[in-house]
Participant: 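First the structure, then my questions, so here it is.
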Amino acid sequence: MATPANNPHLPFGDQRSAPWYGKDILSVRQFNREDLEYVFAVAHEMRTMVERVGTFDLLKGKILANLFYEPSTRTSSSFVSAMERLGGSVIQINEVRYSSVAKGESLPDTVRTLECYADVIVIRHPEVGSAATAAQYAHKPVINAGDGIGEHPTQALLDLFTVKQELGRIDGLTVTMLGDLKFGRTVHSLARLLSLFKVRLNYVAPEALRMPSGLIGELSAQGLDQSESTRLEDVLPQTDVLYVTRVQKERFESEAAYEAVRGSYVITPDLLKKAKEEMIVMHPLPRVGEIAMEVDQDPRAAYFRQMEYGLYTRMALLAMVLGKA
Ligand code: ASP
Ligand code: CP
């Protein structure tokens, strides 16, 4: 049977000159439309291979260091799954308090240590710019799995892959981002990626959690069609992608400030009666009440499928930076 490594029809192979070989993935700003087509093509092949054989040896012998300074379920375990489905293995540091970080070891030293043992480092950290700092000190590729309120580039790539798979196109869509647009790093990355397409972006948030004006300015300078509102009802009927987010409790200065905005928006089956028949509801997850569980049965609820697309996207990214795609 053909394996990905020897099948010339698949975008796999030992191509040390591959454009992403050895590169860090720190921000969505690194990607243009052509790059996105490439990521989606590789992710699509990964899906085919997982469905056909489950696990295969494209990254056999390669080791990933999964360094998480903040909680995670999906990003952490999908990178583990991605590496293992590609035949590689993982050094998992989920709770840095059990590592030498608890003794005061710095980020640069932690990264320099892990790269002695691994071929690629995935990092999630509470500070904006932390992944870039890690990359400055590492010789091996560093992948940003969320740097505070900064970016979550692999999430945005899987989000866009989800839109493409579910709706078949990105140009021409109306995307509505809802919830905590101030602290939500996923929407910061996704809005930047969407600015490469001809889309309309609606931002719906409580006054205190509006999309940062600097980011809106950056994207309008690129010609992106954006609007802001506090009322979902104003834009829901025209929406093709409703991207719901959690209010990021851990980023607030006080419990009172969080309580003042929590539960501002809740998606219910009743509310979705006002939405198009052909649209999707996405959420990076975890949800903490923004989408009622009764919505899960609606075929437009794409958030669980979105998680699965994340596996294929992360398999693609690992293969790319390790020179096998
Ligand atoms: N899991 C996503 C993140 O880490 C979204 C969230 O936590 O609300 O950014
Ligand atoms: N979407 C996301 O990043 O989920 P986790 O925080 O569980 O990794």
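Indexing begins at 1, ligand by ligand and atom by atom, following the structure's order.
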Participant: Angle between ring planes, Phe161 versus Tyr309, binned at 30° and 60°: parallel, tilted or perpendicular?
Facilitator: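 Ring orientation, 0 to 90° scale: perpendicular.
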
Participant: Identify, for atom 4 (O) of ligand 2, the protein heavy atom at the shortest distance, and state residue, atom and that distance.
Facilitator: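 For atom 4 (O) of ligand 2, the nearest protein heavy atom is Arg74 NE, 3.0 Å.
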
Participant: State whether the shortest distance between N or O atoms of Arg246 and N or O atoms of ligand 1 falls below 3.5 angstrom.
Facilitator: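 Yes; the residue has a nitrogen or oxygen that sits under 3.5 Å from a nitrogen or oxygen of the ligand.
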
Participant: Decide whether the shortest distance between a heavy atom of Arg74 and an atom of ligand 1 is less than 4.0 Å.
Facilitator: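 No, Arg74 has no heavy atoms under 4.0 Å from ligand 1.
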
Participant: When you check the gap from the basic side-chain N to the acidic O, do Lys140 and Asp24 get nearer than 4.0 Å?
Facilitator: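 The answer is no: the pair does not qualify as a salt bridge.
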
Participant: Please confirm whether Thr75 comes under 4.0 Å of ligand 1, counting heavy atoms of the residue only.
Facilitator: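 Heavy atoms of Thr75 never come under 4.0 Å of ligand 1.
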
Participant: Which residue holds the protein heavy atom closest to atom 7 (O) of ligand 2, what is that atom called, and what is the gap in Å?
Facilitator: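 Going by distance alone, atom 7 (O) of ligand 2 is nearest to Thr73 N, 2.8 Å.
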
Participant: Show the numbers, then the answer: is there a side chain to side chain donor-acceptor pair (under 3.5 Å) between Gln92 and Asn94?
Facilitator: CA-CA 6 Å; Gln92 183 67 32; Asn94 251 346; 2.7 Å; yes

Participant: May I ask you to decide whether Arg112 forms a salt bridge with Glu115, counting only side-chain N to carboxylate O separations under 4.0 Å?
Facilitator: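 A salt bridge is absent here (no side-chain N lies under 4.0 Å from a carboxylate O).
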
Participant: Run the numbers for me: atoms of ligand 1, each under 4.0 Å from some heavy atom of Arg124, listed by number.
Facilitator: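 Contacts of ligand 1 toward Arg124, numbered from 1: 4 (O).
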
Participant: May I have the step-by-step check of side chain to side chain donor-acceptor pair (under 3.5 Å) for Thr245 and Asp180, ending in yes or no?
Facilitator: CA-CA 6 Å; Thr245 63; Asp180 187 347; over 6 Å; no

Participant: Can you report which non-hydrogen protein atom sits closest to atom 9 (O) of ligand 1, along with the distance?
Facilitator: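 That would be Arg185 NE, 2.8 Å.
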
Participant: Tell me whether Ser72 reaches ligand 1 (any heavy atom closer than 4.0 angstrom to a ligand atom).
Facilitator: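 Judged by the 4.0 Å heavy-atom criterion, Ser72 does not count as contacting ligand 1.
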
Participant: Could you tell me if the side chain of Met307 sits less than 4.5 Å from the side chain of Leu285, heavy atoms only?
Facilitator: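 The answer is yes, as the side chains (C-beta and beyond) meet within the 4.5 Å cut-off.
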
Participant: Would a 4.5 Å heavy-atom cut-off, applied to side chains only, mark Thr75 and Phe68 as touching?
Facilitator: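 Yes; the side chains approach each other to less than 4.5 Å.
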
Participant: Using heavy atoms and a 4.0 Å limit, tell me yes or no: is His152 in contact with ligand 2?
Facilitator: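 Contact present.
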
Participant: Specify side chain, backbone, both or neither for Gln248, according to which of its non-hydrogen atoms lie closer than 4.0 Å to ligand 1.
Facilitator: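 The answer is the side chain of Gln248.
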
Participant: Which part of Thr186 is near ligand 2, with near meaning a heavy atom under 4.0 Å away: side chain, backbone, both or neither?
Facilitator: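 Neither part.
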
Participant: Between Tyr69 and His125, does the ring centroid distance fall short of 6.0 Å?
Facilitator: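 Close enough - the centres of the two rings lie under 6.0 Å apart.
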
Participant: Could you say whether the N/O atoms of Pro286 and ligand 2 ever approach to under 3.5 Å?
Facilitator: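 N/O-N/O distance below 3.5 Å does not exist for this pair.
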
Participant: Before you tell me yes or no, could you show the steps for Arg314 and Thr154 under side chain to side chain donor-acceptor pair (under 3.5 Å), namely the whole-Å CA-CA distance, both residues' side-chain angles and the distance that decides it to 0.1 Å?
Facilitator: CA-CA 7 Å; Arg314 289 178 173 131; Thr154 68; 3.0 Å; yes

Participant: Can you name the atoms of ligand 2, numbered from 1 with element, that are less than 4.0 Å from a heavy atom of Gln155?
Facilitator: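 Listed by number with element, the hits are 1 (N), 2 (C), 3 (O).
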
Participant: Quick one: which ligand 2 atoms are inside 4.0 Å of a heavy atom on Leu285?
Facilitator: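 Those qualifying, in numeric order: 1 (N), 2 (C), 4 (O).
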
Participant: Should the proximity of Thr186 to ligand 1, defined as any heavy atom under 4.0 Å, be assigned to the side chain, the backbone, both, or neither?
Facilitator: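 Within the 4.0 Å criterion, Thr186 contacts ligand 1 through side-chain atoms alone.
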
Participant: Backbone or side chain, does any N or O of Leu285 fall under 3.5 Å from an N or O of ligand 1?
Facilitator: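 Among all N and O atoms of Leu285, at least one is under 3.5 Å from an N or O of ligand 1.
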
Participant: Identify, for atom 6 (O) of ligand 2, the protein heavy atom at the shortest distance, and state residue, atom and that distance.
Facilitator: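 Here the closest protein heavy atom is Arg124 NH1, 2.9 Å.
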
Participant: Can you confirm whether Pro108 sits close enough to Gln136 that some side-chain heavy atom of one is under 4.5 Å from a side-chain heavy atom of the other?
Facilitator: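 No, every pair of side-chain atoms sits at 4.5 Å or beyond.
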
Participant: As a quick check of understanding, evaluate side chain to side chain donor-acceptor pair (under 3.5 Å) for Thr186 and Gln155, giving each step before the final call.
Facilitator: CA-CA 6 Å; Thr186 68; Gln155 177 74 43; over 6 Å; no

Participant: Starting from atom 2 (C) of ligand 2, which protein heavy atom do you reach first, and at what distance in Å?
Facilitator: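 The closest one turns out to be Thr75 OG1, 3.5 Å.
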
Participant: Pick one: which of Ile91, Val142, Val96 meets side-chain contact (heavy atoms from CB on, under 4.5 Å) with Leu67?
Facilitator: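 Exactly one option meets the side-chain contact (heavy atoms from CB on, under 4.5 Å) with Leu67, and it is Val96.
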
Participant: Does Gln155 approach ligand 1 within less than 4.0 angstrom via side chain, backbone, both or neither, non-hydrogen atoms only?
Facilitator: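 Neither; no heavy atom under 4.0 Å.
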
